[in-house]
Q: 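Below is one structure. I have some questions about it.
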Amino acid sequence: MANRTYTSRRMAIVSALVDKIKLINGNFPFRSNLYNNVEPKLLFWDEVQDFPAVHISAGSETRDYQGGGYKDRFMTLTLRIYVQEENANFALEKLFEDVETVIEDNSALSYTDQDGNAQKVQQLTIVSLDTDEGALEPLGV
């Protein structure tokens with residue numbers, strides 16, 4: 001069977017990012033400990049049982065066709081971060097910093113595609129951050 005040039009890589013990328021986010025363990029340089037509580041799926045806040053937690057899912061994917069048969073693929077990833085603490089906004093800020101550290105340190109994230117080939121994303125970029133602004137405190141999303 002011949003290798004495919006383009007295989008679906010969405011779940012492989014999510015899985016690789018989950019593995020990297022799980023490294024947030026409270027030891028330097030991290031400010032938080034996720035206790036390995038990172039999942040490759042989104043849950044609503046009322047479904048989350050263990051805090052803090054990060055849930056990651058793949059969103060829309062677009063393609064930009066270049067010359068010579070080359071194409072760029074752009075995929076949106078959504079990370080939902082859940083905390084339950086007296087000062088939920090402060091806990092979210094610490095986790096934001098930790099997640100941003102992981103993403104910056106792995107901006108060319110390595111992963112393995114469905115055919116077992118080593119691949120890399122071209123760049124991971126944080127586009128926006130927002131919170132519930134304390135509306136659910138002591139929960140924070």
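All of these numbers come straight from a predicted model, not from anything done at the bench.
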Q: Can you tell me how far CG of Leu92 sits from CG of Asp130, rounded to the nearest 0.5 angstrom?
A: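 The CG atom of Asp130 sits 10.5 Å away from the CG atom of Leu92.
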Q: Give a yes or no on whether Ile126 and Ile24 share a hydrophobic cluster (residues Ile, Leu, Val, Met, Phe, Trp, Tyr; joining criterion: side-chain heavy atoms under 4.5 Å apart).
A: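 Hydrophobic grouping puts Ile126 with Ile24.
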Q: Side-chain contact test, heavy atoms from C-beta onward, threshold under 4.5 Å: evaluate it for Pro52 versus Tyr35 and give yes or no.
A: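 With C-beta onward as the side chain, the pair touches.
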Q: From Thr62 OG1 over to Phe74 CZ, what is the distance, rounded to the nearest 0.5 angstrom?
A: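 Atom-to-atom, Thr62:OG1 and Phe74:CZ are 6.0 Å apart.
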Q: Same hydrophobic cluster for Leu95 and Val48, using side-chain heavy-atom links shorter than 4.5 Å among ILVMFWY?
A: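 Different clusters: Leu95 never reaches Val48 through Ile, Leu, Val, Met, Phe, Trp or Tyr contacts under 4.5 Å.
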Q: Using every non-hydrogen atom in the two residues, find where Ala16 and Ser110 come nearest and quote the distance to one decimal.
A: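 What the structure gives for the nearest pair is CB-O, 3.5 Å.
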Q: Would you compute the distance between atom OG1 of Thr112 and atom CD1 of Ile13 and round it to the nearest 0.5 angstrom?
A: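 One gets 11.5 Å once the value is rounded to the nearest 0.5 Å.
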Q: Are Leu34 and Lys22 packed together at the side-chain level, in the sense that at least one heavy-atom pair is separated by less than 4.5 angstrom?
A: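 Counting from C-beta outward, Leu34 and Lys22 never come under 4.5 Å.
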Q: Considering residues at least two apart in sequence or located in another chain, which fulfil the side chain to side chain donor-acceptor pair (under 3.5 Å) criterion with Glu97?
A: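 Result, side chain to side chain donor-acceptor pair (under 3.5 Å) vs Glu97: Arg31.
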Q: Is atom CD of Glu61 surrounded by more than 12 heavy atoms (other residues, nucleotides or ligands) closer than 6.0 Å?
A: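 Yes, because the 6.0 Å sphere around CD of Glu61 holds more than 12 heavy atoms from other groups.
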Q: Please answer whether the main-chain N or O of Asn37 pairs with a side-chain N or O of Asp50 as donor and acceptor at a distance below 3.5 Å.
A: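 Between the backbone of Asn37 and the side chain of Asp50 there is no qualifying donor-acceptor contact (under 3.5 Å).
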Q: Kindly indicate whether the side chain of Lys41, heavy atoms from C-beta on, has any atom under 4.5 Å from the side chain of Ser57.
A: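 Lys41 does not reach Ser57 side chain to side chain.
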Q: Hey, is the main chain of Asn117 close enough, under 3.5 Å, to the side chain of Asp115 for a donor-acceptor pair?
A: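 Answer holds: no.
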Q: Look at the side-chain heavy atoms of Ile, Leu, Val, Met, Phe, Trp and Tyr, link any pair under 4.5 Å apart, and say whether Ile103 and Leu129 land in one connected group.
A: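 Result: yes, single cluster for both.
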Q: Set out, in order, the CA-CA distance, both residues' side-chain angles and the distance that settles side-chain contact (heavy atoms from CB on, under 4.5 Å) for Arg80 and Leu43, then state yes or no.
A: CA-CA 8 Å; Arg80 277 221 178 105; Leu43 294 178; over 6 Å; no
Q: For the NZ atom on Lys94, are there more than 12 heavy atoms of other groups (residues, nucleotides or ligands in this structure) within a distance under 6.0 Å?
A: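 Counting other residues, nucleotides and ligands, NZ of Lys94 exceeds 12 neighbours.
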Q: Val18, Leu23: one ILVMFWY side-chain cluster at the under-4.5 Å cut-off?
A: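 No, because Val18 and Leu23 fall into different hydrophobic clusters, even though each may have its own neighbours under 4.5 Å.
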Q: Within the side chain of Asp98, is there an N or O that forms a donor-acceptor pair under 3.5 Å with the backbone of Ser32?
A: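 Between the backbone of Ser32 and the side chain of Asp98 there is a qualifying donor-acceptor contact (under 3.5 Å).
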Q: Could you measure the distance from the CG atom of Asp105 to the CD atom of Glu100? Nearest 0.5 Å is fine.
A: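 With rounding to 0.5 Å, CG (Asp105) is 10.5 Å from CD (Glu100).
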Q: What about Leu124 and Ile21, same hydrophobic cluster or not, with Ile/Leu/Val/Met/Phe/Trp/Tyr joined at side-chain heavy-atom distances under 4.5 Å?
A: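 Same cluster.
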Q: Hey, are the side chains of Phe30 and Asn33 touching, using non-hydrogen atoms and a 4.5 Å cut-off?
A: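 SC-SC contact between Phe30 and Asn33 ruled out.
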Q: So, taking the atom named CD in Gln49 and the one named CD in Gln84, what distance separates them when rounded to the nearest 0.5 Å?
A: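 Interatomic distance, Gln49 CD to Gln84 CD, rounded to 0.5 Å: 10.0 Å.
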Q: Run the side-chain donor-acceptor check on residues 131-141: report pairs under 3.5 Å with partners two or more places apart or on a different chain.
A:
residue: Thr131; atom: OG1; partner: Glu133; partner atom: N; Å: 3.0
residue: Thr131; atom: OG1; partner: Glu133; partner atom: OE2; Å: 3.1
residue: Asp132; atom: OD1; partner: Val141; partner atom: N; Å: 2.7
residue: Asp132; atom: OD2; partner: Gly134; partner atom: N; Å: 3.3
residue: Asp132; atom: OD2; partner: Ala135; partner atom: N; Å: 3.1
residue: Asp132; atom: OD2; partner: Leu136; partner atom: N; Å: 3.1
residue: Glu137; atom: OE2; partner: Ala88; partner atom: N; Å: 3.0

Q: Taking the side chain as C-beta and beyond, is there a heavy-atom pair between Arg9 and Met75 under 4.5 Å?
A: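 No, their side chains stay 4.5 Å or more apart.
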Q: So does Glu86 have more than 12 non-hydrogen atoms from other groups sitting under 6.0 Å from CD?
A: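 No, because the 6.0 Å sphere around CD of Glu86 holds 12 heavy atoms or fewer from other groups.
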Q: What residue pairs, at least two apart or across chains, pass ring pair (Phe, Tyr, Trp, His ring centres under 6.0 Å) with a residue in residues 78-101?
A: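 The answer is His55-Tyr82.
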Q: Rounded to the nearest 0.5 Å, how far does CG of Leu109 lie from NZ of Lys120?
A: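 Output value for this atom pair is 9.5 Å.
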